[in-house]
Amino acid sequence: MNPGNRSHLGVLLSFAAISIVVTWPLVLNFNTGVPFGGDAFQFIWNGWWFSKAVSDPELVVWWTPFQYSLVGSSLALHDLSPVNAFFQMLLIPIFGDFGTFNFLTLFHYVLGAWGAYILAFYLTGNRAASVTCGVIYGFSVHHAMHMPQLSTCSGWLPLSIYYCLKFARDAGWRDGLFGILTTLAAILSSWYYLVFSGLIVFGMLIIGQFGLKEHLGGVKRWSRVIIIFAVSVLAISPLLINAWFAAEGQGIGEVVELGKLFYFDPAWTILPPPNHPVLGALTKPLEGTIPGNFTEGITSMGFVAVVLGLLSWFRKDATTRAWCWMGLILFLLALGATITVFSVPLPIPGPFALWSKIPGLSMVRIPARFIGPFTLALGICAAGWISGLSPAWREGWRRTVLLWIIPIVIVFETLVIPIPISGQQYNHPALERLTEIYTDYTGNAEPPTLIVNFPLLPKKRQFLYQQTIHELPTLDGALSYEPPDATGYLARFNWNPEYLREMGVDILLYQHWAAKSSLGETFHVPADASGNAAQWADQNVEPLVFFRDVMQYGIAYEDEELIVFVP
């Protein structure tokens with residue numbers, strides 16, 4: 001192994017070690033818990049569903065009858081993340097559900113950081129500068145706050161851009177092949193990456209032409225990049241067409257309104273995150289000013305990274321200057337439909353309000369996700385500035401500062417550890433014994449055919465946070481996009497005590513911890529209710545009372561966390 005490859009391997013191993021630190025204590029809970037938030041369990045379901053659909057000729061990967069049964073639902077816009085689901089299918093027999101999810105979480109941390117390092121090294125040829133880029137992108141707060149989402153924290157984007165640029169300049173067909181494969185991996189992690197990778201690569205063609213004019217004519221640059229994206233898009237065209245029409249069917253106005261809930265406040269760009277183990281005390285009182293959604297609003301880059309990015313504007317290097325402009329574009333797109341400072345709206349419409357009207361691009365329903373590629377651009381800009389320092393910075397204590405001190409400070413500034421771990425309360429052991437519980441209670445040897453997992457969240461585009469049930473069809477669901485009629489479909493449950501009987505529900509799960517998180521949710525018994533429900537007519541009743549007394553469901557299993565109701 002030559003010295004250059006040994007150095008690359010050393011960086012890779014260092015990033016692996018940092019990944020364990022910034023996800024602490026995930027490695028201690030490798031098989032017993034997953035990162036905070038219900039999304040992790042949604043992705044665990046994704047892995048199960050992908051395996052089942054691939055192995056059953058009667059099922060289709062992009063349509064599931066197991067959620068929102070008896071209607072079923074399209075998964076075209078759901079965060080199915082087929083690349084991750086494919087790896088889950090291979091690894092679950094080895095590591096189990098939780099272990100596989102955690103392995104892929106660490107994998108994407110390392111892949112994203114190392115890919116950014118490789119891209120920056122290709123552009124600058126400076127190892128210390130490239131390490132800084134890898135740290136800024138791979139271990140960003142944006143990555144940490146989306147840790148439960150294997151699609152959003154996917155690490156394929158930097159390698160996709162690297163191979164696209166390399167193929168455009170060097171014309172090596174191996175680079176072209178890897179460009180197609182990594183671009184496909186990025187796109188099949190999330191539809192967002194089709195927009196992100198296309199915007200960056202073609203934007204660089206327009207803005208800076210890679211800063212490599214002396215190597216290749218303009219027409220050939222365009223044609224080679226077009227080849228990579230044309231082949232990639234052609235390979236997934238059936239899925240893309242399906243997703244395109246599904247996105248348009250949601251309505252542009254609705255997407256823009258949703259975008260207002262998922263934007264970031266630029267005031268938080270430098271401020272340390274409130275959940276920082278040391279510096280968080282400084283900004284914890286401001287946590288309530290984070291707009292819309294906590295995970296989207298936290299975009300802390302760290303003071304050092306932002307300063308390096310700003311200094312890069314003064315660099316005369318064409319490549320660095322082009323990435324500065326690209327970073328600015330991505331930053332503006334992430335502002336959302338309304339620009340705010342500490343949640344105070346400014347009388348300036350955000351770019352997303354106009355940009356989201358472009359047909360098809362409304363698939364990016366959360367503009368704050370542009371912070372991900374923006375962080376990559378920021379890292380490359382920082383690397384560009386560091387690489388322009390005098391040769392004196394390549395040896396002695398100065399090299400130590402660049403290679404070690406600056407990356408360590410950046411990692412420290414963006415820490416959000418310890419990472420909360422979710423486990424038992426989501427993955428209750430009884431959920432794996434539902435068929436047995438049902439049979440023991442009813443004496444029916446036939447397995448249950450339909451269940452309800454409570455609490456329901458019938459509001460549009462919300463999803464359940466306890467999707468850990470696999471083999472049993474459920475009346476409700478846990479998808480990024482529900483069927484168009486999902487609100488009315490589930491609303492009937494709230495108003496009609498006979499609804500579940502009519503639908504043929506065999507099991508109703510009532511999870512105490514989840515019900516408590518849905519404060520104020522009650523069911524209204526119709527004024528004309530008859531029979532056992534008549535005494536509650538025209539009243540709002542608590543869910544537990546509704547299931548137990550109004551509907552008179554029997555309790556087949558109960559503990560302090562879970563009740564299994566059976567008709």
Side-chain angles (χ1 to χ4, degrees), residues 42-43 45-47 49-57 59-64 73-90 104 108 111-112 115 149-165 167-168 173-203 205 222-250 255 358-366 369-370 372-373 479-481:
Q42 190 181 75
F43 282 89
W45 181 88
N46 289 348
W49 167 251
F50 189 88
S51 300
K52 184 174 183 63
V54 167
S55 61
D56 189 337
L59 297 175
V60 179
V61 170
W62 294 92
W63 177 272
T64 181
S73 182
S74 169
L75 301 177
L77 290 178
H78 173 60
D79 276 346
L80 182 60
S81 195
V83 166
N84 287 305
F86 173 75
F87 284 120
Q88 287 175 279
M89 179 178 67
L90 299 179
L104 289 175
H108 284 298
L111 180 67
Q149 301 174 347
L150 292 178
S151 57
T152 305
C153 70
S154 172
W156 292 104
L157 180 64
L159 287 179
S160 169
I161 296 171
Y162 164 70
Y163 281 114
C164 285
L165 300 185
F167 180 56
W173 287 105
R174 186 178 68 171
D175 295 327
L177 175 61
F178 280 114
I180 293 170
L181 293 177
T182 52
T183 299
L184 278 173
I187 296 172
L188 291 177
S189 294
S190 170
W191 291 125
Y192 287 22
Y193 286 102
L194 175 59
V195 177
F196 295 162
S197 57
L199 181 64
I200 290 175
V201 173
F202 287 105
L205 275 174
W222 278 89
S223 63
R224 286 172 179 154
V225 170
I226 288 173
I227 286 174
I228 289 179
F229 279 88
V231 173
S232 300
V233 170
L234 183 63
I236 62 169
S237 56
L239 309 179
L240 185 61
I241 292 172
N242 192 353
W244 180 301
F245 284 105
E248 295 305 307
Q250 295 289 336
V255 174
I358 301 175
L361 295 184
S362 57
M363 284 190 292
V364 182
R365 65 191 180 117
I366 301 178
R369 298 288 168 82
F370 278 102
L479 304 177
S480 305
Y481 282 94

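Remember, predicted model here, so these are calculated numbers, not experimental data.
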Between [atom1] on residue [X] and [atom2] on residue [Y], distance to nearest 0.5 Å:
X      : Y      : atom1 : atom2 : value
Leu194 : Leu199 : CG    : CG    : 10.5 Å
Ser154 : Leu104 : OG    : CG    : 10.0 Å
Trp49  : His78  : CH2   : NE2   : 11.0 Å
Leu159 : Thr183 : CG    : OG1   : 10.0 Å
Cys164 : Ile227 : SG    : CD1   : 11.5 Å
Gln149 : Ser190 : CD    : OG    : 9.0 Å

Taking the side chain from [X] and the backbone from [Y], do they hold a donor-acceptor pair closer than 3.5 Å?
X      : Y      : value
Ser237 : Leu234 : yes
Tyr162 : Leu157 : no
Ser160 : Trp156 : no

Report yes if the side chains of [X] and [Y] come closer than 4.5 Å at any heavy-atom pair, otherwise no.
X      : Y      : result
Thr64  : Trp45  : yes
Val54  : Phe86  : no
Asn84  : Phe50  : no
Pro82  : Val61  : no
Tyr192 : Ser151 : no
Ile228 : Tyr163 : no
Leu177 : Phe167 : no

Testing the basics here: between [X] and [Y], what is the closest heavy-atom pair and its distance to 0.1 Å?
X      : Y      : value
Leu59  : Lys52  : CD1-CG, 3.9 Å
Phe43  : Ser81  : CE2-CB, 4.0 Å
Ser232 : Ile187 : CB-CD1, 4.4 Å
Ile200 : Pro373 : CD1-CB, 3.8 Å
Pro238 : Ala235 : CD-O, 4.4 Å

Would you say the ring centers of Phe370 and Phe196 fall short of 6.0 Å from each other?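 Between Phe196 and Phe370, which both carry aromatic rings, the centre distance is below 6.0 Å.
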